[in-house]
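Labels below follow one simple rule: chain letters A, B, ... track the order of the sequence lines, proteins then strands, and each chain is numbered from 1.
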There are 2 protein chains.
Amino acid sequence: MHEDAAEEPPAMPAIAEQHDWIDRFEGLSRLEPRIRDVLSTRSQVIRVPANTVIFGPGKSPDNMLLLLDGTVRVQQLAENGREVVLYRVTAGESCVLTTACMLAYEDYAAEGVAETDIVAAAIPRAVFDDLVSSSKEFRNFVFRAYSRRITDLFHVIEDIAFRRMDIRLAQKIIERADTGVLRATHAQLAAELGTAREVISRQLAEFQRRGWIAQGRGTVEILDCDGLRKLAES
Amino acid sequence: MHEDAAEEPPAMPAIAEQHDWIDRFEGLSRLEPRIRDVLSTRSQVIRVPANTVIFGPGKSPDNMLLLLDGTVRVQQLAENGREVVLYRVTAGESCVLTTACMLAYEDYAAEGVAETDIVAAAIPRAVFDDLVSSSKEFRNFVFRAYSRRITDLFHVIEDIAFRRMDIRLAQKIIERADTGVLRATHAQLAAELGTAREVISRQLAEFQRRGWIAQGRGTVEILDCDGLRKLAES
DNA sequence: ACCCGTTGTGTGACTAGGTCACTGATTGGC
DNA sequence: GCCAATCAGTGACCTAGTCACACAACGGGT
């Protein structure tokens with residue numbers, strides 16, 4: 001059993017099992033060799049099934065997660081049952097709020113939910129602390145991740161406070177309908193944008209009337225992307 | 001000369017000039033002696049006049065600020081000219097978004113404005129990095145500050161998305177009228193809450209009609225705090 | 001194949017909040 | 001004492017959110 005196997009894996013089976021997942025993170029590729037080693041030996045690749053609540057009010061995790069595959073939806077919950085999606089963490093990103101939960105003992109009104117099955121590298125709290133203290137590259141990675149999330153939050157605030165619903169909905173549809181068809185109920189879109197179901201129903205009816213979309217039960221099909229885009233960019 | 005003197009300072013001249021400002025920060029009091037020294041010798045106490053823009057779009061500072069005196073208002077600006085106040089940094093707190101700006105090269109849609117004359121300890125970027133890497137206490141301080149701000153942002157989002165204007169306005173009035181009189185124009189309150197001036201005017205008219213407040217040009221006087229509070233807590 | 005509970009959507013009436021286009025009042029210089 | 005700037009009040013109108021429904025589609029059972 002030679003040590004090199006870990007460094008240069010051949011053929012590539014399930015990527016997540018390899019130690020080279022580190023390079024899939026923008027900002028970690030130039031990590032110091034010693035640090036890279038700590039990271040790969042002292043973190044653990046875990047799998048989480050879809051719809052698991054990863055963190056939430058009263059449930060702070062004790063690992064920092066680096067997402068290797070899948071997406072995590074982070075959303076704000078209100079007492080009256082309404083929600084807004086704050087942002088999504090996708091493969092190659094880290095879930096910094098987890099870190100904040102871990103390190104800062106404050107409770108959050110937000111929760112993170114696995115939107116798909118997930119593969120992630122879990123970094124225990126102590127290791128995280130070690131890495132932050134010993135690697136400038138890792139520090140930059142962490143702070144940049146924070147910065148990105150905070151920027152996302154700013155966008156959410158700006159959207160909710162100042163932008164019209166029709167514009168926001170059009171954007172959302174374009175953004176989340178990669179194949180031209182979006183699978184989501186009106187209720188889900190409402191939760192996404194932090195509004196009420198009826199509002200979505202009415203807006204979609206209007207979009208349909210204009211020939212921009214076609215609707216099915218639980219689906220929205222884009223017919224005229226330019227029409228939507230023109231609205232979204234106004 | 002007994003050691004206790006340091007714990008219970010007498011008379012107190014201009015506080016900011018002393019090196020013991022560190023103890024005014026919750027979370028820095030148990031800093032390792034060596035670190036404490038680095039912090040006091042390599043940071044610089046600065047003064048900034050009221051209404052200075054400390055950071056903003058296209059203006060990222062190269063120091064991390066620990067506020068010794070005064071308050072900084074951090075607000076989001078929209079193209080159409082409307083604003084929302086995100087949070088305030090008060091004496092004894094740090095302005096972490098500054099850190100994020102410093103370290104992460106993303107531009108923010110938010111700006112920080114000195115709301116009063118300000119005294120702050122400025123920590124140069126390089127020193128900040130050094131401190132984060134060498135002191136666990138300082139790391140905790142930084143991450144806790146992040147966590148607090150993120151929590152604040154969550155509150156703002158929840159407020160804007162899900163709470164009624166009258167309730168939010170009542171809260172704001174109570175919160176910012178320490179002496180029973182609040183100096184602010186309707187336009188300022190509107191910017192505070194991210195709404196339009198007319199909305200504030202109408203709500204205040206209603207509060208006045210109910211006998212909760214009296215209005216003057218640029219002032220709101222609380223007459224019946226319980227009335228306001230009952231609304232604010234509903 | 002039919003029944004039935006569950007889930008998703010449509011609608012009208014109403015309230016709250018935001019926009020627009022004004023008016024008039026107050027204030028601080030000059 | 002006049003004038004420009006600032007601050008506040010108002011009505012008409014539009015968008016968004018709430019409430020109370022009706023109804024349609026779907027997915028198991030039996």
Side-chain angles (χ1 to χ4, degrees), chain A residues 51 76-84 156-173 181-210 213-221 231-232 234, chain B residues 51 76-84 156-173 181-210 213-221 231-232 234:
Chain A
N51 298 316
Q76 165 94 262
L77 308 170
E79 331 73 54
N80 57 4
R82 275 175 58 191
E83 335 177 347
V84 215
V156 172
I157 291 174
E158 189 169 348
D159 271 15
I160 296 178
F162 306 129
R163 299 192 111 72
R164 297 170 46 101
M165 265 318 307
D166 51 358
I167 294 175
R168 295 174 56 206
L169 180 57
Q171 283 177 338
K172 217 22 132 188
I173 292 173
V181 185
L182 169 59
R183 314 216 130 259
T185 66
H186 296 184
Q188 286 169 335
L189 286 169
E192 189 89 20
L193 295 172
T195 183
R197 202 252 322 153
E198 296 91 317
V199 176
I200 299 294
S201 293
R202 284 194 269 260
Q203 296 289 0
L204 288 181
E206 176 62 17
F207 289 179
Q208 186 170 37
R209 201 192 59 73
R210 296 191 193 176
I213 61 165
Q215 297 192 62
R217 189 183 166 89
T219 60
V220 175
E221 183 184 355
L231 173 61
S234 67
Chain B
N51 297 316
Q76 166 94 261
L77 308 169
E79 329 75 51
N80 57 4
R82 275 176 57 191
E83 336 178 346
V84 215
V156 171
I157 292 175
E158 188 168 350
D159 271 16
I160 296 178
F162 305 129
R163 299 193 112 72
R164 296 168 47 103
M165 266 317 307
D166 52 357
I167 295 175
R168 294 173 56 205
L169 179 57
Q171 284 177 338
K172 214 26 130 183
I173 292 174
V181 185
L182 170 57
R183 314 215 130 260
T185 66
H186 295 188
Q188 286 170 333
L189 287 170
E192 189 90 18
L193 296 172
T195 182
R197 201 249 325 150
E198 296 91 318
V199 175
I200 299 293
S201 293
R202 284 194 269 259
Q203 295 290 359
L204 287 181
E206 176 62 17
F207 288 179
Q208 187 171 36
R209 200 191 60 74
R210 298 191 193 175
I213 62 166
Q215 297 192 62
R217 187 183 168 89
T219 60
V220 175
E221 183 185 356
L231 173 60
S234 64

Sidechain N-carboxylate O distance under 4.0 Å for A/E198, A/R202: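 Judged by the 4.0 Å cut-off on N to carboxylate O distance, A/E198 and A/R202 do not form a salt bridge.
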Strictly below 4.0 Å, N to O, side chains only: are B/R163 and A/E79 in salt-bridge contact?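 Salt bridge between B/R163 and A/E79, a charged N being under 4.0 Å from a carboxylate O: yes.
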Could you state the [atom1]-[atom2] distance from [X] to [N], rounded to the nearest angstrom?
X: B/L189; N: D/dC7; atom1: CG; atom2: P; result: 12 Å
X: A/E206; N: C/dT11; atom1: CD; atom2: C1'; result: 15 Å
X: A/F207; N: C/dG10; atom1: CZ; atom2: C1'; result: 17 Å
X: A/H186; N: D/dC23; atom1: NE2; atom2: P; result: 19 Å
X: A/L182; N: C/dG8; atom1: CG; atom2: C1'; result: 15 Å
X: B/Q188; N: D/dA8; atom1: CD; atom2: P; result: 9 Å
X: A/Q215; N: C/dT11; atom1: CD; atom2: P; result: 10 Å
X: B/L204; N: C/dG17; atom1: CG; atom2: P; result: 13 Å

Taking all non-hydrogen atoms of both residues, which atom of [X] and which atom of [Y] are closest, and how far apart?
X: A/Q76; Y: B/F162; value: CG-CE1, 4.4 Å
X: B/Q215; Y: B/I213; value: CG-CD1, 4.0 Å
X: B/D166; Y: B/L231; value: O-CD2, 3.7 Å
X: B/L189; Y: B/L169; value: CD1-CD1, 4.4 Å
X: A/A232; Y: A/I167; value: O-CG2, 3.5 Å

Just the table, please: protein N/O against nucleotides 2-6 of chain D N/O, every pair under 3.5 Å.
residue: D/dT6; atom: O2; partner: B/R217; partner atom: NH2; Å: 2.7

How would nucleotides 14-19 of chain D be written as a contact map, 5' to 3', with B for base contact, S for sugar-phosphate-only contact and - for no contact, using protein heavy atoms under 4.0 Å? -SSBBB
Where the side chain of A/R82 meets the backbone of A/G194, is there a donor-acceptor pair that is under 3.5 Å apart?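 Pair found, side chain donor or acceptor close to backbone of A/G194.
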Would a distance-only check, ignoring hydrogens and angles, find a side-chain to backbone donor-acceptor pair under 3.5 Å from A/Q203 to A/I200?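 It does not hold such a pair.
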Check this for me: does the side-chain of A/R197 come within 3.5 Å of the base of C/dG10 through a donor and an acceptor?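 Present.
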